[in-house]
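Below: one structure, written as structure tokens.
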Amino acid sequence: MSNQENGSLPDFILPDSLYTETIREVHSAVEHDWDSLRQSACQTAAGRALWKHVIHDPLAELLAGETYLKKLYEKINKDILNNAKEISGVIIAVRTLWFDKGIEAALTSFDGGGAQVVILGAGMDTRAYRLSCLKDSNMFEVDFPEVLQMKTTIVEAATETTDEQKHQLMMAKSLNRVAADLREKDWLEKLQESGLKLNKNTVWVLEGILYYLSHSNAMEVLKIIANNCTSAHTVLLADFMNKQSTTMSSSNFHFYSDYPDELLPSLGFSDVKLSQIGDPDAHFGLLHDPLNLFNKLRNLPRSLQTHPDDGTPCCRLYLLQASGEPSNKTIL
């Protein structure tokens with residue numbers, strides 16, 4: 001939305017490559033065979049695609065597919081026409097940029113040694129192809145096998161059908177896609193079988209995944225990461241919903257934490273920093289209006305469940321950065 005800030009919406013033109021036989025077949029299967037949890041990966045890709053003025057992701061449109069692109073485009077158009085304080089997709093844009101910045105900062109803080117970046121619930125994530133800071137890093141993407149296969153198929157098709165192949169060249173040093181279910185207890189073992197070294201500097205990226213898990217599953221994932229922060233420098237980047245956010249949706253949201261900055265230290269993480277959408281480090285010039293929902297919430301105590309002005313639920317998204325605490329003790 002290059003003209004979005006000025007109140008106008010540019011023409012909606014999809015790339016011709018979106019209509020090739022291979023990609024059409026893949027997205028037909030997504031719409032007919034995938035559940036809403038898996039489809040959310042394409043919805044997130046649509047957010048990156050339609051906020052292209054702040055996120056450079058040449059693969060996003062192909063990974064999102066026509067259906068999800070059109071749905072989000074219509075929402076954005078309606079928001080602009082109605083002079084909405086928050087434009088649809090802005091939370092995806094801010095979240096994406098925050099994680100991008102966090103990954104780069106974490107890698108910069110490491111003193112060499114072959115850094116690893118692990119993305120849990122990777123979905124249609126394309127950082128391996130678009131972040132130059134990953135040039136010395138080994139990347140690992142964990143998700144359901146059909147999700148990873150779908151992405152692989154589209155990336156390969158995009159490389160074959162576009163003249164701008166340089167945009168599809170991988171920027172990461174290496175990329176391993178690991179088929180695993182985070183609800184099972186063998187995902188770390190599968191990561192290690194794919195080459196993950198627990199004694200190497202590692203960035204764990206949990207973007208848009210924890211709240212889709214049950215409380216027990218989400219806690220188990222966090223404990224596994226904490227318990228395996230042994231001798232290497234480890235950085236955790238994750239987002240958390242508060243309770244009100246999960247109760248507002250009839251979709252797949254389950255896990256929540258009203259105070260994740262207290263939860264993470266209890267599991268063994270240190271140097272925990274919490275941000276909310278709209279904070280100075282989670283703004284990116286996209287949330288100027290003081291009456292924006294996110295700015296209004298930031299000025300309220302986090303303990304409030306409903307807004308004192310209108311009684312609406314205080315739905316918050318927390319962005320957390322933390323360090324691993326090397327320790328030989330077992331976290332119960």
Side-chain angles (χ1 to χ4, degrees), residues 4 36-37 39-41 43-48 50-51 54 68 71-72 74-76 78-80 82-99 102 121 123 205-215 217-219 221-222 237-264 272-322:
Q4 183 172 302
S36 58
L37 173 60
Q39 289 174 349
S40 67
Q43 295 166 359
T44 300
R48 295 197 306 274
L50 292 174
W51 283 78
V54 293
Y68 297 107
K71 285 182 179 179
L72 182 55
E74 291 171 359
K75 289 181 180 179
I76 291 175
K78 181 178 179 180
D79 289 342
I80 292 176
N82 292 335
N83 294 315
K85 299 296 183 182
E86 307 87 33
I87 304 299
S88 294
V90 68
I91 195 168
I92 292 178
V94 171
R95 189 183 72 179
T96 299
L97 293 169
W98 184 89
F99 275 92
V205 179
L206 283 68
E207 179 185 11
I209 182 61
L210 284 173
Y211 28 83
Y212 286 105
L213 302 175
S214 68
H215 182 82
N217 288 149
M219 290 295 293
V221 166
L222 292 171
L237 300 170
D239 59 331
F240 293 76
M241 285 184 173
N242 69 345
K243 183 176 182 179
Q244 290 289 50
S245 294
T246 60
T247 58
M248 281 294 291
S249 175
S250 59
S251 61
N252 298 294
F253 300 146
H254 304 289
F255 176 71
Y256 67 87
S257 177
D258 290 323
Y259 296 93
D261 48 335
E262 297 177 7
L263 171 65
L264 292 181
V272 178
K273 180 182 178 182
L274 177 146
S275 301
Q276 295 188 63
I277 302 293
D279 281 351
D281 67 334
H283 186 288
F284 304 101
L286 302 177
L287 300 167
H288 291 297
D289 193 327
L291 297 180
N292 182 286
L293 171 63
F294 308 110
N295 289 328
K296 289 170 65 178
L297 286 177
R298 288 172 53 238
N299 297 321
L300 294 176
R302 286 162 55 192
S303 59
L304 287 181
Q305 298 297 309
T306 57
H307 200 290
D309 292 344
D310 54 19
T312 57
C314 292
C315 299
R316 301 175 186 265
L317 182 72
Y318 299 120
L319 303 167
L320 275 293
Q321 175 182 318

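All of these numbers come straight from a predicted model, not from anything done at the bench. In what follows, every heavy atom counts, from backbone to side chain, and hydrogens, waters and symmetry copies are set aside.
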Report the distance from atom [atom1] of [X] to atom [atom2] of [Y], rounding to the nearest 0.5 Å.
X	Y	atom1	atom2	answer
L37	L213	CG	CG	8.5 Å
S245	Y256	OG	OH	11.5 Å
K85	L293	NZ	CG	12.0 Å
E86	I91	CD	CD1	10.0 Å
Q305	C315	CD	SG	9.5 Å
D79	I87	CG	CD1	5.0 Å

Locate the shortest heavy-atom distance separating [X] from [Y]; write the atom from each residue and the value.
X	Y	result
L297	R316	O-NH1, 2.9 Å
L206	F99	O-CZ, 3.8 Å
L97	V54	CD2-O, 3.5 Å
T306	C314	C-SG, 3.4 Å
S36	N252	OG-ND2, 2.8 Å
S88	W51	O-NE1, 3.2 Å

Original post:
With K273, which residues qualify under side-chain contact (heavy atoms from CB on, under 4.5 Å), at least two apart?
Top reply: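 Result, side-chain contact (heavy atoms from CB on, under 4.5 Å) vs K273: S275, D281.
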**OP:** Quickly, which of Y211, F240, Y318 forms a side chain to side chain contact (heavy atoms under 4.5 Å, CB included) with S257? Name it, please.
**Re:**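 With S257 as partner, side chain to side chain contact (heavy atoms under 4.5 Å, CB included) holds for just one option, F240.
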Original post:
Out of L286, V90, V94, which residue meets the side chain to side chain contact (heavy atoms under 4.5 Å, CB included) rule with I277?
Top reply: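 Exactly one candidate clears the test, V94.
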Is a side-chain N or O of [X] found less than 3.5 angstrom from the main chain of [Y], in a donor-acceptor match?
X	Y	value
N299	K296	no
D239	L317	no
D310	T312	yes

Subject >> T96/E207 under side-chain contact (heavy atoms from CB on, under 4.5 Å): CA gap, chis, key distance, verdict >> reply: CA-CA 8 Å; T96 299; E207 179 185 11; 3.8 Å; yes
**OP:** List for me each residue that meets salt bridge (Lys or Arg N to Asp or Glu O under 4.0 Å) alongside D258, sequence neighbours excluded, and say none if there are none.
**Re:**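 Checked D258 against salt bridge (Lys or Arg N to Asp or Glu O under 4.0 Å); zero matches.
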Minimum side-chain heavy-atom gap [X]-[Y] below 4.5 Å:
X	Y	value
L263	M219	yes
R95	T44	yes
W98	L237	yes
Y68	Q39	yes

Subject >> ring-ring contact (aromatic ring centres under 6.0 Å, His included) pairs, two or more places apart, involving residues 286-311 >> reply: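 Counting only pairs at least two positions apart or across chains, the ring-ring contact (aromatic ring centres under 6.0 Å, His included) contacts touching residues 286-311 are H283-H288.
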Subject >> Test log, rule side-chain contact (heavy atoms from CB on, under 4.5 Å), inputs R302 and L274 >> reply: CA-CA 12 Å; R302 286 162 55 192; L274 177 146; 3.7 Å; yes
